[in-house]
Amino acid sequence: MNPVFSTTGNVLVAIALRPDSRIRDIASQLDVTDRTVIISISQLVEGGFVSVHRNGRRNHYRVDLNREIHCGSTSIKIHDLIELIQRDA
């Protein structure tokens, strides 16, 4: 878990890095409850950052990598943020 991001921000990054992750896997990775991940995903879907597609019994998530995240007067595309995170990993 990245301490700079909120829990919802960390869920967004986790989904962007592994779109086929299960809620349980994301929760375990971030050391939060399944319910916390579900709430975060709902917020991300409502905000238009993530879409959910059902495939059989599994949900598959897709992050809109062209969306921008705003922080003060600065903004960055999610795609660029994910690239920075992967480069530093």
Side-chain angles (χ1 to χ4, degrees):
M1 178 135 94
N2 187 322
V4 174
F5 299 130
S6 66
T7 300
T8 302
N10 279 306
V11 169
L12 176 68
V13 170
I15 292 171
L17 294 174
R18 293 186 190 93
D20 292 333
S21 292
R22 297 177 303 168
I23 288 172
R24 179 180 307 148
D25 298 332
I26 295 169
S28 176
Q29 175 187 347
L30 300 179
D31 196 29
V32 297
T33 65
D34 291 1
R35 183 73 183 138
T36 298
V37 173
I38 290 167
I39 291 168
S40 293
I41 290 172
S42 295
Q43 292 170 343
L44 291 166
V45 168
E46 186 176 306
F49 292 95
V50 172
S51 58
V52 183
H53 304 279
R54 192 101 173 137
N55 186 4
R57 294 176 50 190
R58 297 278 309 268
N59 284 334
H60 295 273
Y61 305 99
R62 180 174 297 133
V63 174
D64 182 353
L65 298 173
N66 292 314
R67 285 288 306 256
E68 290 188 348
I69 298 174
H70 302 283
C71 181
S73 62
T74 305
S75 63
I76 184 171
K77 285 189 176 186
I78 295 173
H79 175 268
D80 296 333
L81 177 65
I82 298 304
E83 279 188 352
L84 287 171
I85 290 169
Q86 286 179 320
R87 183 175 50 185
D88 291 341

**Item:** Worked verdict on H60 versus R62 for side-chain contact (heavy atoms from CB on, under 4.5 Å)
**Value:** CA-CA 7 Å; H60 295 273; R62 180 174 297 133; over 6 Å; no

Practice problem: Before giving the answer on side-chain contact (heavy atoms from CB on, under 4.5 Å), spell out for K77 and L65 the whole-Å C-alpha distance, their side-chain angles and the decisive distance to 0.1 Å. | Solution: CA-CA 7 Å; K77 285 189 176 186; L65 298 173; over 6 Å; no

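In this structure, the separation between OG on S75 and CG on L81 is 11.5 Å, given to the nearest 0.5 Å. The CG atom of N55 sits 12.5 Å away from atom CZ of R57, with the distance rounded to the nearest 0.5 Å. Of the inter-residue distances, the one linking N10 atom CG with Q29 atom CD reads 8.5 Å to the nearest 0.5 angstrom. D20 contributes atom CG, which lies 11.5 Å from atom CZ of R18 (distance to the nearest 0.5 angstrom). In this structure, CD1 on I26 lies 12.5 Å from OG1 on T7, to the nearest 0.5 angstrom. Atom-to-atom distance recorded for Y61:OH and L12:CG is 13.0 Å, nearest 0.5 angstrom.
In this structure, the side chain to side chain contact (heavy atoms under 4.5 Å, CB included) partners of R54, at least two apart in sequence or on a different chain, are N59.
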Under 3.5 Å, which donor-acceptor pairs do the side chains of residues 35-50 form with other protein atoms, sequence neighbours left out?
{"residue": "T36", "atom": "OG1", "partner": "T33", "partner atom": "OG1", "Å": "2.8"}
{"residue": "S40", "atom": "OG", "partner": "T8", "partner atom": "OG1", "Å": "3.2"}
{"residue": "S40", "atom": "OG", "partner": "T36", "partner atom": "O", "Å": "3.1"}
{"residue": "S42", "atom": "OG", "partner": "I38", "partner atom": "O", "Å": "3.0"}
{"residue": "Q43", "atom": "OE1", "partner": "T8", "partner atom": "OG1", "Å": "3.0"}

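Heavy atoms from other residues, nucleotides or ligands lying under 6.0 Å from CZ of R24 number 12 at most.
I76 pairs in a side-chain contact (heavy atoms from CB on, under 4.5 Å) with only one of the listed residues (I78, D80, T74), which is D80.
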